[in-house]
Amino acid sequence: MHAIPLDYDTLRLIWWLLLGILLIGFAIADGFDLGVGTLLPAVARTDAERRLTLNVIGPVWEGNQVWLITGGGAIFAAFPILYAVSFSGFYLAMFLILVALILRPVGFKFRSKVENPTWRAVWDWALFVGGFVPALVFGVAMGNVVVGVPFHFDDGLRVIYEGNLFGLLMPFQLVCGLVSVTMLAAHGAGMLVLKTDGPVAVRAGKLGALAAFAAAVLFVLAGVWMALGVDGYRVTSGLDLTGASNPALKQVAHASWMASYQAMPWTWIFPVLGVAGMLLSGVLLLRGKGGRAFLASSLGIASIILTEGLAVFPFLLPSSSDPNHGLTLWDASSSHTTLFIMLIAVVLLLPIVLLYTAWVYRVLRGKVGADSIGQNPNAY
């Protein structure tokens, strides 16, 4: 059998990067769908305006959600221990997200089946819940990664989780949740300004600008809070970069999460770009530049996610109850062979997915108007 040309530690690092790319892809692609759902009750006040808003995301939201499914599959295959711990510890939170996401396809399909204002209003609020709740809970989950999650392993490496749903909803985590909601709302507003005209675009520009400015302020608040008021972790010994995965073999001590930024000053570019991207998005939304605002918010979202990823590196999920059992990319991954085979699949398939996605958006380019909705029997 031929040797695998990439070292085990290199493959682990590559898959950490790929996981980050998938998370960013989901936040940018499906994030504007969630943002539009969150803004729906505020930007659309008549049935015609609501239909217009929904048809901006109606043709693409299913494809965008593939990023979420792919990310979950990547965690399952590349970091199975992380999958086991997070899906057991965050079970109720995951269930809440699942219920909210189920409301989206049902809302899209059922809303216009009956020409009854009450019927349509119920599904409009369901679509709002389907946008707001996942955006909030995903942000709260990212906040819990910073704080640490109360879990440990027994002698047989079985996961023991000691927390509950309400323990995940502490003040710092809720601030992170609001960062997520506001930045995705601004992102969705950029798409609405780009794809619509009239009152919907005007309201989306104003509300999206407020959301973008709020996201920048909340992101700075969360960063200062993390630096001054949240204990971080660092590995002090026992971490084998090329050994078999066993998260219970290392020693971990409390430390500042700012250590990565102190050791590598160039990484400050990411929090700076996170703030700048959201502020620029807000300014562009006020000027009615939807496409540019969308690109600016995409930059802000990617930079905010990278800011946290670099801060907690090499941890994937720290443990607050037994820090020694926190999961890192070096001790929570699949085997060397599995990571390599999956990498080949990604190299072959990801370009196809990206090309197809680009083609779809090219075909669907242009404004969504009342005339186009009226002429299309498949419109929502």
Undergrad: For G130 and L34, which heavy atoms make the closest approach, and how far apart are they?
TA: O-CD2, 3.6 Å

Undergrad: Rounded to the nearest 0.5 Å, how far apart are OG1 of T38 and CG of L136?
TA: 9.5 Å

Undergrad: Please collect all side chain to side chain donor-acceptor pair (under 3.5 Å) contacts where either partner lies in residues 26-36, sequence neighbours excluded, each pair once.
TA: D30-R104, D33-N64

Undergrad: Tell me, please, which residues at least two apart from I344 pass side chain to side chain contact (heavy atoms under 4.5 Å, CB included).
TA: F340, L348

Undergrad: Would you say the side chains of S245 and R12 form a donor-acceptor pair under 3.5 Å?
TA: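 Note: S245 and R12 side chains meet the donor-acceptor criterion.
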
Undergrad: Report the distance from atom CZ of R51 to atom CG of D124, rounding to the nearest 0.5 Å.
TA: 11.5 Å

Undergrad: Can you sort out the partners of F110 under ring-ring contact (aromatic ring centres under 6.0 Å, His included), two or more places apart, ordered by chain and number?
TA: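 Checked F110 against ring-ring contact (aromatic ring centres under 6.0 Å, His included); matches are W123.
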
Undergrad: Could you measure the distance from the CG atom of L96 to the CG atom of L101? Nearest 0.5 Å is fine.
TA: 9.5 Å

Undergrad: Above 12 or not: heavy atoms from other molecules or residues under 6.0 Å from CH2 of W268?
TA: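 Counting neighbours around CH2 of W268, 12 or fewer heavy atoms of other residues, nucleotides or ligands fall under 6.0 Å, so no.
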
Undergrad: Which Ile, Leu, Val, Met, Phe, Trp or Tyr residues join V99 in one cluster when any pair of side-chain heavy atoms under 4.5 Å counts as a link?
TA: F95

Undergrad: Please name the pair of heavy atoms, one in L127 and one in L103, separated by the smallest distance, quoted to 0.1 Å.
TA: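 Distance-wise, the nearest heavy atoms are CD2-O, 4.3 Å.
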
Undergrad: Of all residues at least two apart in sequence or in a different chain, which pass the ring-ring contact (aromatic ring centres under 6.0 Å, His included) check with H152?
TA: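 H152 satisfies ring-ring contact (aromatic ring centres under 6.0 Å, His included) with no other residue.
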
Undergrad: Taking K367 for the side chain and T196 for the main chain, is one N or O donor matched with an acceptor at less than 3.5 Å?
TA: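 Yes; at least one donor-acceptor contact below 3.5 Å.
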
Undergrad: Just so I know, are the side chains of T338 and W15 near enough to count as touching, which here means a heavy-atom distance under 4.5 Å?
TA: no

Undergrad: Show me, pair by pair, the donor-acceptor contacts under 3.5 angstrom made by side chains of residues 277-292, not counting sequence neighbours?
TA:
from, atom 1, to, atom 2, distance (Å)
S281, OG, A293, O, 3.3

Undergrad: Just by distance, do the side chain of R365 and the backbone of R362 share a donor-acceptor pair under 3.5 Å?
TA: yes

Undergrad: Check ring-ring contact (aromatic ring centres under 6.0 Å, His included) between F108 and all other residues, then give those that pass, not counting sequence neighbours.
TA: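 Per chain and number, F108 pairs via ring-ring contact (aromatic ring centres under 6.0 Å, His included) with W61, Y380.
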
Undergrad: Taking only distance into account, with no hydrogens and no angle test, what donor-acceptor pairs under 3.5 Å do side-chain atoms of residues 170-183 form with protein atoms, sequence neighbours excluded?
TA:
from, atom 1, to, atom 2, distance (Å)
Q173, NE2, N144, OD1, 3.2
S180, OG, A135, O, 2.6
T182, OG1, L178, O, 2.7
T182, OG1, V179, O, 3.1

Undergrad: Donor-acceptor check, side chain of H336 to backbone of A244, threshold 3.5 angstrom: yes or no?
TA: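 Judged by distance alone, no pair lies under 3.5 Å.
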
Undergrad: How close do W257 and Y261 get, counting heavy atoms only, and between which atoms?
TA: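 In terms of heavy atoms, the two residues are closest at O-CD1, 4.4 Å.
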
Undergrad: Taking the six-membered ring for Trp, is the centroid-to-centroid distance between F26 and F138 below 6.0 Å?
TA: yes

Undergrad: Without hydrogens or angle criteria, can the side chains of D322 and S319 be said to hold a donor-acceptor pair below 3.5 Å?
TA: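 No - no donor-acceptor pair under 3.5 Å links their side chains.
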
Undergrad: Can you list every pair that meets side chain to side chain donor-acceptor pair (under 3.5 Å) and has a residue in residues 345-360, with sequence neighbours left out?
TA: none

Undergrad: List the atom pairs, with distances to 0.1 Å, where a side-chain N or O of residues 66-84 and a protein N or O form a donor-acceptor pair under 3.5 Å, not counting sequence neighbours.
TA:
from, atom 1, to, atom 2, distance (Å)
T70, OG1, V66, O, 2.8

Undergrad: I need the full list of side chain to side chain donor-acceptor pair (under 3.5 Å) pairs touching residues 297-312, with sequence neighbours left out, sorted by first then second residue.
TA: H187-S297

Undergrad: Taking side chain as C-beta onward, heavy atoms only, is V193 less than 4.5 Å from F294?
TA: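 The answer is no; the side chains never approach within 4.5 Å.
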
Undergrad: Are V149 and V85 packed together at the side-chain level, in the sense that at least one heavy-atom pair is separated by less than 4.5 angstrom?
TA: no

Undergrad: Measuring from atom CD1 of I14 to atom CG of D7, what distance do you get when rounded to the nearest 0.5 angstrom?
TA: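 CG of D7 is found 10.0 Å from CD1 of I14.
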
Undergrad: What are the two closest heavy atoms between A248 and L157, and how far apart are they?
TA: CB-CD2, 4.2 Å

Undergrad: Return the minimal non-hydrogen interatomic distance between I305 and A27, and the atom names on each side.
TA: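 Closest pair (atom of I305, atom of A27, distance): CD1-CB, 3.7 Å.
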
Undergrad: Taking only residues two or more places apart in sequence or in another chain, which ones pass ring-ring contact (aromatic ring centres under 6.0 Å, His included) with F128?
TA: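 F128 satisfies ring-ring contact (aromatic ring centres under 6.0 Å, His included) with W125, F132 once adjacent residues are dropped.
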
